[in-house]
Q: 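Before anything else, here's the structure in question.
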Number of protein chains: 2
Amino acid sequence: MKIRDNYTCPLELTQDLTKGKWKPIILWQLSKSSPLSPSDLEKSIKGINQKMLLEQMAELVEAGMINKKIYEGYPLRTEYYLTERGFKMLEAITIMQGIGVDLMKENGMENILKSGGFIE
Amino acid sequence: MKIRDNYTCPLELTQDLTKGKWKPIILWQLSKSSPLSPSDLEKSIKGINQKMLLEQMAELVEAGMINKKIYEGYPLRTEYYLTERGFKMLEAITIMQGIGVDLMKENGMENILKSGGFIE
DNA sequence: CCGTATCCGATCCGATACTG
DNA sequence: CAGTATCGGATCGGATACGG
């Protein structure tokens with residue numbers, strides 16, 4: 001993750017640190033159940049693969065949104081959990097989740113909401 | 001803007017509609033002063049160019065976050081303003097702005113905060 | 001001044017393979 | 001199971017030019 005040297009406003013910085021297809025979803029998942037191992041998360045996030053998950057989590061750690069606890073020995077085990085900053089970011093994500101629900105209701109996508117296919 | 005057909009959760013939809021380098025900043029600017037013309041916005045957002053601005057605004061209109069009012073006649077004039085949904089989205093953006101300020105303070109980037117270079 | 005089209009480099013993301 | 005490396009296609013974003 002490259003932090004640019006010139007930001008015109010703080011919002012851009014936060015954006016940079018939380019952008020990408022998966023990061024908000026990872027934070028959302030960790031807010032509901034924590035701590036979680038990478039394999040747990042991979043199961044709970046439909047469509048993600050191991051590479052994307054670990055890559056995005058490493059960036060979230062760098063951004064101070066999540067932390068990990070590593071257990072020595074075999075089988076390997078690591079657990080991730082939200083930091084205080086991560087919880088704050090989650091407030092923003094929660095609002096966006098609400099907007100998404102509204103949008104889906106307005107656009108005949110209730111099937112997704114009810115199917116249980118999504119993570120709530 | 002292509003809306004995917006399969007979302008695993010509403011958050012992904014909102015993300016799709018508000019992603020990109022400029023959209024949150026456009027909403028932020030419109031929240032402080034509204035309505036604004038494209039040329040006003042272009043002046044107030046450092047680094048953006050006309051193409052990106054109009055392109056991103058068109059997508060925000062499609063997403064129902066902003067609306068525009070077109071005045072007939074010459075010189076051409078159009079004004080953009082936030083919708084109710086846009087204001088809701090702004091709550092999330094405001095939180096992220098706050099996180100960005102914290103991050104900058106922790107990382108010796110106060111110069112950006114104080115320089116007046118950013119839009120507050 | 002508002003808006004659209006094109007071109008092209010940078011970045012993202014998914015598949016796959018590999019290590020400890 | 002956790003994590004890293006590589007590669008290629010898709011997408012994004014900035015420059016530039018053109019039209020209403």
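Chain A is the first sequence line, chain B the second, and so forth, proteins listed ahead of strands; every chain is numbered from 1.
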Q: To the nearest Å, how far apart are B/Q50 CD and D/dG20 P?
A: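 Checked: the CD to P distance equals 16 Å.
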
Q: Distance check needed: D/dT4 P versus A/E59 CD, whole Å only.
A: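 My rounded result for the distance is 12 Å.
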
Q: Expressed as a whole number of angstroms, how long is the span from B/K19:NZ to D/dG13:P?
A: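 Between P of D/dG13 and NZ of B/K19: 9 Å.
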
Q: Determine yes or no for a side-chain-to-main-chain donor-acceptor pair under 3.5 angstrom, with B/S31 supplying the side chain and B/W28 the backbone.
A: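 It does hold such a pair.
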
Q: Is A/Y80 near enough to D/dC1 that one of its side-chain N or O atoms lies under 4.0 angstrom from OP1 or OP2?
A: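 For D/dC1, neither OP1 nor OP2 has a side-chain N or O of A/Y80 closer than 4.0 Å.
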
Q: Which nucleotide in the list C/dC13, C/dG3, D/dG13 gets nearest to the side chain of B/L54?
A: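 Given the options C/dC13, C/dG3, D/dG13, the side chain of B/L54 is closest to C/dG3.
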
Q: Is the distance from OP1 or OP2 of C/dG3 to the nearest side-chain N or O of B/T78 less than 4.0 Å?
A: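 For C/dG3, OP1 or OP2 has a side-chain N or O of B/T78 closer than 4.0 Å.
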
Q: Rounded to the nearest Å, what distance is computed from the NZ atom of residue B/K51 to the C1' atom of nucleotide C/dA5?
A: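 Rounded to the whole Å, the gap is 9 Å.
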
Q: Look at the side chain of A/S37 and the backbone N and O of A/E79, then say whether any donor-acceptor pair between them is shorter than 3.5 Å.
A: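 Absent.
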
Q: For the OH atom of B/Y81 and the CG atom of B/L30, what is their distance to the nearest 0.5 Å?
A: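 So the OH of B/Y81 and the CG of B/L30 are separated by 11.0 Å.
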
Q: Respond yes when some side-chain nitrogen or oxygen of B/S39 is under 4.0 Å from OP1 or OP2 of C/dC2, and no when none is.
A: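 Result: yes.
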
Q: So A/P75, base contact, sugar-phosphate only, or nothing? Heavy-atom distance under 4.0 Å.
A: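 Nothing, no heavy atom under 4.0 Å.
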
Q: Atom CD of A/E55 to atom C1' of D/dT4: distance rounded to whole Å?
A: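 After rounding, the gap between these two atoms is 10 Å.
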
Q: Given that A/I48 and A/L76 both sit by DNA chain C, which one's nearest nucleotide is further toward the 5' end?
A: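 Its nearest nucleotide lies further toward 5', so the answer is A/I48.
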
Q: Send over the distance from B/N49 CG to D/dC12 P, rounded to a whole Å.
A: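 It is 16 Å, rounded to the nearest whole Å.
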
Q: Whole-Å distance between C/dC13 C1' and A/I25 CD1?
A: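 After rounding, the gap between these two atoms is 14 Å.
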
Q: If you compare every side-chain N and O of B/W22 against the phosphate oxygens of D/dG14 (OP1, OP2), does one of them come in below 4.0 Å?
A: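 Yes, such a contact exists.
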
Q: Got a donor-acceptor contact below 3.5 angstrom from the A/R85 side chain to the B/L103 backbone?
A: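 Flag not set: sc A/R85 to bb B/L103 has no pair under 3.5 Å.
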
Q: Using the rule salt bridge (charged side-chain N to carboxylate O under 4.0 Å, His left out), only one of B/E59, B/E62, B/E55 pairs with B/K23; which is it?
A: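 When B/E59, B/E62, B/E55 are each tested with B/K23, the salt bridge (charged side-chain N to carboxylate O under 4.0 Å, His left out) holds only for B/E59.
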
Q: In whole angstrom, what separates A/M52's CE from D/dG8's C1'?
A: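 A/M52 atom CE is separated from D/dG8 atom C1' by 15 Å.
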
